[in-house]
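For reference, the structure is listed below as structure tokens.
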Amino acid sequence: MDYLEELNPEQRKAVEQIEGPLLVLAGAGSGKTRVITTRITHLIAYYGISPYRILAMTFTNKAASEMKQRVEKVLGSPQPDLVISTFHSFCARFLRREIGFLGRERNFIIFDTQDQTKVLKDVLKRLKLNAKEYPAGILRQKISLRKNNMPDNVFLDPDLEKKIFDRYQSELLTQNALDFDDLLVLTNQILENSDECRQRYSQRFEHIMIDEYQDTNRIQFQLITQLAGDKPNLCVVGDEDQSIYSWRGADIRNILDFENHFKDAKIIKLEQNYRSTQNILTYANRVIVKNKQRKPKKLWTKGSDGLPVSKRRFPRGIEEAESIAERIKMSGMSYRHIAVLYRVNFLSRVLEEVFRRKRIPYQLVGGLKFYDRKEIKDILSYARCIVNTRDWTSFSRAINIPTRGVGSVTLDRIRFYYDQTGDIQTAMEEALSNGVLKGRAAKGVKSFLDLVVRFRASSSTKTPSTWMNSLLNAVEYREHLRKEDVFTIEKREDNINELIESMRELEKQGVKDIAEFLDFTALISDQDQIDDSVDKVSLMTIHAAKGLEFDTIFVMGLEEGIFPNKRALEENEHALEEERRLFYVAVTRAKNTLYLSHSKRRMTYGSYFDNPPSRFLSEKSRPPINPIQSTSIPPKGSGQPHQGKAMLVGDTVVHPVFGKGTVLALSPKGLDMRVTVRFSVYGTRVFLKSKAPFQ
DNA sequence: GTGCTAAGCATTTTT
DNA sequence: TGCTTAGCAC
């Protein structure tokens, strides 16, 4: 039981409290992952509970597989029966087995946002509604809110809204497709309505653990309740200060009402932080204390004060990005230990431009997903409509790639038969035998039909990767790419090879059929795509950084309108607190060094706009400045330049961005010193001595 | 049915 | 600024 020795008393309590409902309020960096993994280990190793009876839910597949690896490492053996999974993956697997309860077929396809949009546009067209007046994006949101029983403040004629919703839903049913929300909703429905099924699962999972509990929504809560059964051995771990997904239905009441809902619930607070320096924690505490909707909590550490938090202002986004790049280069740290965070995805563009120019290797987390790339989507749409011949959405994409002479008119004709049969294969057959298709179109449809028939037959006899590879050859997809675009061909071919490679990888992990692989491609998250093996700086939104930590964190674009985000603030009166929690999450990702920055002018839609600095930068008292900092040893791995040296008027200093300059004046400012420097190119500038990166 | 050009729209956050 | 879509010529 060596593994218990590594825990502090509170953590240990959480691990040893194995019966009944337990709420662990775990502050940022307080070792909650360790608590969950150790708890699982303890259940198996000490109490001899079968891994088959344990279920743990996490937020990303990456977190799930890391947890599993940790457990396996401590136990010293692989644990194939232990289920650690995301909610969505768990539900997908559940439904692959149990969807028969709803009278539906098991070979359903999971529709992502793009597919949903396509279905909605089709629905609008058939209801003869103008797509401009009813933007698919907003409708998608409304549908999601509806499925989650959430309030909706966008007004639409209720009858019309219901009509659109019903059409959308029946279209998904016809196509045998589920959207992300359906995965949770239908799983919940089955558990609720089938006593037999619910008992089977709640009896199996004697011990349930939920990570990032503050970001679970109402449906997830119901799901947990059903699975936990009458005598819940349920351990949830979360931090209301890090709740950043209320717009997606995350319901803070799940945490706040836990004690009321589960009688005799125990509560354990973890406040000791193992991640960040005291300066960073002090800053974080001062940020979050402004929020009213929270339980009092204060992070502390036994570690050193570390460096003060740096705040900097730049004329434009370019200078901001260049300064970040210079600091990264100067620090001499491994790139993999550094991340740049921002509120909105479009801010990554400046960074990418500058990093590429300065030859700083980076990986963009989020944005366009690997499986969302055009060439990958093309191939997957083939596979999808072959696996599930009711998938019209994928069929209508696949049939004319490469061009087979099938355009919108031909597609409409096939759709006529699809509406009667609900199956693309029979629809094609009937369209052909009834002679409504002629010439090139008929030939094209015939060849596609043959392809579907042939590959349906071989889908069960070949491994997914070999099946996919021969599919690629059969449609001559690589040749098609070569014709389409000479400039991007290399990258696209690489991506296709990577797709096959990722299938082989999953086969090794036990994925044996294509449907399962397709689930994987739909449910992959941004974080899942982070490659830890390469030495690159990570660029991502703060949402994507949830649960991660880095030695050095840059938070950029701290400007009113961007962060806090204008659109978010328009939503409701609680939005500002959520933005502040988001800022808190950003700050607490940093282990050693934290840089905050904003720019006066920001390029948006191709032209410049002026934004005042974010209120988050000024609404708290001064950042902590440690008076004895010049003699304290900087934490390992941080690359902060020397700051304690005496500086005199007339000295020459070198600034990473502005270059060589001469010190014109020095004046005290609080505990710090104001330094005026004249640069040959950039003119005269004023710095705070403790924060200026002079060499 | 395909392919080109110009206009117009986009930026909250994601499984 | 950069991407998608509508409209038009072939």
Side-chain angles (χ1 to χ4, degrees), chain A residues 57-64 85-92 110-114 116-117 121 131-132 135-137 140-141 144 147-148 178-184 212 215-217 219-220 243-250 317 341-350 353 365-369 371-372 374 399-400 402-411 438-441 444 483-484 519-529 540-546 557 561-571 575 578-579 581-583 585-586 602-609:
Chain A
M57 299 279 205
T58 62
F59 214 71
T60 66
N61 296 301
K62 186 171 184 263
S85 155
T86 66
F87 274 98
H88 286 87
S89 300
F90 175 84
C91 291
I110 300 169
F111 271 9
D112 64 17
T113 312
Q114 280 182 44
Q116 281 180 286
T117 306
K121 283 188 174 167
K132 282 237 169 71
R140 217 179 345 98
Q141 265 181 32
S144 179
K147 289 190 178 183
N148 284 293
L178 308 182
D179 64 21
F180 291 132
D181 294 315
D182 286 340
L183 292 172
L184 304 178
E212 307 278 10
D215 283 325
T216 51
N217 65 22
I219 306 277
Q220 285 166 329
S243 164
I244 55 175
Y245 279 103
S246 75
W247 52 274
R248 202 172 81 179
L341 310 182
Y342 35 81
R343 173 69 232 269
V344 282
N345 274 311
F346 83 90
L347 292 179
S348 72
R349 196 164 288 163
V350 214
E353 204 183 296
V365 183
L368 187 65
K369 290 194 175 78
Y371 294 103
D372 284 344
K374 190 180 166 297
I399 186 154
N400 212 28
T403 50
R404 290 187 182 80
V406 180
S408 61
V409 176
T410 309
L411 215 48
K438 304 207 168 54
R440 261 200 311 169
K483 267 180 257 166
E484 201 176 46
D519 286 352
F520 175 83
T521 66
L523 296 177
I524 196 147
S525 77
D526 285 338
Q527 275 189 23
D528 296 336
Q529 303 184 86
M540 65 188 111
T541 64
I542 300 159
H543 282 93
K546 176 191 167 82
I562 291 179
F563 195 12
N565 189 267
K566 201 172 128 212
R567 304 270 296 248
L569 294 190
E570 285 163 4
E571 296 249 297
E578 178 142 323
E579 292 290 297
R581 287 195 293 270
L582 199 52
F583 184 49
V585 168
R602 173 79 52 198
M603 171 86 87
T604 320
Y605 302 133
S607 44
Y608 280 105
F609 291 89

- How are the rings of A:Trp247 and A:His543 set relative to one another: parallel (under 30°), tilted (30 to 60°) or perpendicular (over 60°)? perpendicular
- Separation between CG (A:Asp526) and OG1 (A:Thr541), nearest 0.5 Å, reads 7.0 Å
- Can you tell which of B:dG1, B:dT14, B:dT15 lies closest to the side chain of A:Phe180? B:dT15
- So which nucleotide from B:dG1, B:dT11, B:dT14 ends up closest to the side chain of A:Ala544? B:dT14
- Message: Nearest whole Å is fine: how far is B:dT15 C1' from A:Lys147 NZ?
- Response: 14 Å
- Rounded P spacing from B:dT13 to C:dT4 in Å: 16 Å
- Under 4.0 angstrom between A:Thr113 side-chain N/O and B:dT14 OP1 or OP2: no
- Query: Counting side-chain heavy atoms from C-beta on, which of B:dT13, B:dT11, B:dG1 comes nearest to A:Asn345?
  - Reply: B:dT13
- Scan A:Ser607 against the nucleic acid and name what it touches under 4.0 Å (heavy atoms): base, sugar-phosphate only, or nothing. nothing
- Separation of B:dT13 atom P from A:Glu212 atom CD, nearest Å, is 20 Å
- Message: If I take atom NZ in residue A:Lys62 and atom P in nucleotide B:dT15, what distance separates them, rounded to the nearest angstrom?
- Response: 13 Å
- Return the value, rounded to whole Å, for the distance between atom CG of A:Leu178 and atom C1' of B:dT15. 14 Å
- Contact class for A:Gly606 vs. all strands (heavy atom < 4.0 Å): base, sugar-phosphate, or nothing? base
- Message: In whole Å, I'd like the distance from the OH atom of A:Tyr605 to the C1' atom of C:dG2.
- Response: 13 Å
- Item | Check against side-chain contact (heavy atoms from CB on, under 4.5 Å), A:Thr604 and A:Ile562 | CA-CA 11 Å; A:Thr604 320; A:Ile562 291 179; 5.6 Å; no
- Minimum-distance nucleotide to A:Thr410 side chain [options: B:dT11, B:dG1, B:dT14]: B:dG1
- Between CZ of A:Phe346 and P of C:dC3 the distance, given in whole Å, is 15 Å
- Task: Tell me what A:Ser89 touches on the nucleic acid: a base, only sugar-phosphate, or nothing, going by heavy atoms under 4.0 Å.
- Result: nothing
- Item | Protein-nucleotide distance (A:Ile542, atom CD1; B:dT11, atom P), rounded to Å | 18 Å
- Query: Do A:Thr117 side-chain atoms and A:Ala136 backbone N/O form a donor-acceptor pair below 3.5 Å?
  - Reply: no
- Item | Backbone of A:Phe111 reached by a side-chain donor or acceptor of A:Gln116 within 3.5 Å | no
- Item | B:dT15 OP1/OP2 closer than 4.0 Å to side-chain N/O of A:Lys369 | yes
- Results of salt bridge (charged side-chain N to carboxylate O under 4.0 Å, His left out) for A:Arg140 - residues two or more places apart only: none
- Task: Identify, between A:Glu579 and A:His88, the residue whose nearest nucleotide on DNA chain B lies closer to the 5' end.
- Result: A:Glu579
- Query: What is the distance from CG of A:Asp372 to C1' of C:dC3, rounded to the nearest Å?
  - Reply: 16 Å
- Query: Can you tell which of B:dG1, B:dT13, B:dT15 lies closest to the side chain of A:Asp526?
  - Reply: B:dT15
- Of A:Gly366 and A:Ala441, whose nearest nucleotide on DNA chain B comes first from the 5' end? A:Ala441
- Query: Does the ring of A:Trp247 lie flat against the base of B:dT13, closer than 5.5 Å centre to centre with planes under 30°?
  - Reply: yes
- Message: Measuring from the side chain of A:Arg349 (C-beta onward, heavy atoms only), which nucleotide among B:dT15, B:dG1, C:dG2 has the closest atom?
- Response: C:dG2
- How far does CG of A:Asp528 sit from NZ of A:Lys369, to the nearest 0.5 angstrom? 9.0 Å
- Against the side chain of A:Val409, the closest entry in B:dT15, B:dT11, B:dG1 is B:dG1
- Query: Within the structure shown, what part of the strands sits under 4.0 Å from A:Tyr245 by heavy-atom distance: base, sugar-phosphate, or nothing?
  - Reply: sugar-phosphate
- Task: Look at the side chain of A:Ser525 and decide which nucleotide, out of B:dT15, B:dT11, B:dT14, has an atom nearest to it.
- Result: B:dT15
- Message: Any donor-acceptor pair, under 3.5 Å, between the side chain of A:Arg343 and the base of B:dT13, if you only look at N and O atoms?
- Response: yes
- Message: Regarding A:Asn400, tell me which of base, sugar-phosphate or nothing describes its non-hydrogen contacts under 4.0 Å with the strands shown.
- Response: sugar-phosphate
- Looking only at side-chain N and O atoms, does A:Lys121 come under 4.0 Å of OP1 or OP2 in C:dT5? yes
